[in-house]
Amino acid sequence: MQACRPWGGCAVAGWTSYVAVGDSFTEGMDDPRPDGKGYRGWADLVAGCLAQDLPDFRYANLAVRGRLFDNIVAEQVPLATAMKPDLISFAGGGNDALRRGFEVDILVARFDKTIERLRATGADVVLFRFADLTGRMPGGKMLRPRVDALNTAIDGIGAKHGAHVVNMWDDAEFGNPRLWGIDRLHLSPAGHRRVAGHVLTALGVDCDASWLAAPPPPEDLSWMSRKAADARWATQHLAPWVKRRLTGKSSGDMVTAKRPELAPLD
């Protein structure tokens with residue numbers, strides 16, 4: 001692996017440009033930037049590490065929350081390929097798996113063609129096996145076989161096209177609520193650091209050891225406190241999510257990419 005400075009900055013890893021493609025997972029929800037302006041997230045952390053000692057390193061994050069797979073491919077993939085980066089991360093399909101009419105075989109065929117297209121540019125590609133959210137999501141029993149099928153397919157697609165596959169599913173620490181935000185769907189700052197650590201490790205680049213350290217154990221709540229937290233979550237997060245599903249709206253309808261151009265990190 002590449003050398004890493006004690007404070008977490010990594011030495012040159014060989015990539016001079018990186019484009020991140022996907023949905024809210026890659027956009028960075030729920031990891032607020034230190035200045036309070038938008039979200040940071042694992043992709044920004046990875047880019048910051050790869051950019052160390054490379055003043056000309058360029059990065060774009062095209063991801064937008066709520067995007068379905070076909071939207072990602074139609075809106076973001078052409079931009080990503082036109083930028084001709086050395087490295088592309090692609091994460092999509094999770095929002096599709098939550099939809100009632102999800103057809104895994106159709107999505108997998110499109111996924112395969114998309115990764116073939118990205119690899120044909122000469123870029124290295126990073127893919128993800130999704131972490132297990134089914135235990136705390138509504139309809140978890142229905143969702144589990146969909147996630148299993150999608151993860152299995154991503155493994156095969158990664159092997160077929162020579163992509164790096166980050167295996168979040170097999171990391172038991174993602175079962176810890178401390179790695180997730182208050183909506184129980186998006187990663188917390190600690191969760192994003194852990195994903196960044198896994199990505200850099202998959203790329204053969206060391207990271208700050210604390211990013212992959214075991215987080216503190218879940219908070220020990222009483223039965224009453226757990227029920228109160230569940231009620232708040234259902235009101236503040238589950239109900240609006242269900243309403244969007246029923247009305248055909250997305251949380252990203254009025255959102256644009258936070259880093260739409262390939263440019264040096266600010």
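These numbers were taken from a predicted model, which means no experiment stands behind them.
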Could I get the full list of side-chain hydrogen bond (donor to acceptor under 3.5 Å, both in side chains) partners for [X], not counting sequence neighbours?
X: Tyr18; answer: Ser89
X: Glu27; answer: Arg65
X: Thr16; answer: Asp86
X: Asp35; answer: Arg33

Using side chain to side chain contact (heavy atoms under 4.5 Å, CB included) as the criterion, list what pairs up with [X], not counting sequence neighbours.
X: Asp170; value: Arg129, Asn167
X: Asp171; value: Glu173, Phe174, Arg194, His198
X: Arg58; value: Ser17, Leu262, Pro264
X: Asn61; value: Ala20, Thr26, Ala43, Asp44, Tyr59, Ala63, Lys258, Arg259

What residues, two or more places apart in sequence or in another chain, satisfy salt bridge (Lys or Arg N to Asp or Glu O under 4.0 Å) together with Lys113?
none
Arg119: which residues meet the salt bridge (Lys or Arg N to Asp or Glu O under 4.0 Å) condition with it, sequence neighbours left out?
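Once residues adjacent in sequence are excluded, the partners of Arg119 under the salt bridge (Lys or Arg N to Asp or Glu O under 4.0 Å) criterion are Asp124.
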Hey, could you give me each pair passing side chain to side chain donor-acceptor pair (under 3.5 Å) that has a residue in residues 71-83? Not counting sequence neighbours.
Arg67-Glu75
Of all pairs that satisfy ring pair (Phe, Tyr, Trp, His ring centres under 6.0 Å), the ones with a partner from residues 81-103, not counting sequence neighbours
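Found Phe69-Phe90, Phe90-Phe111.
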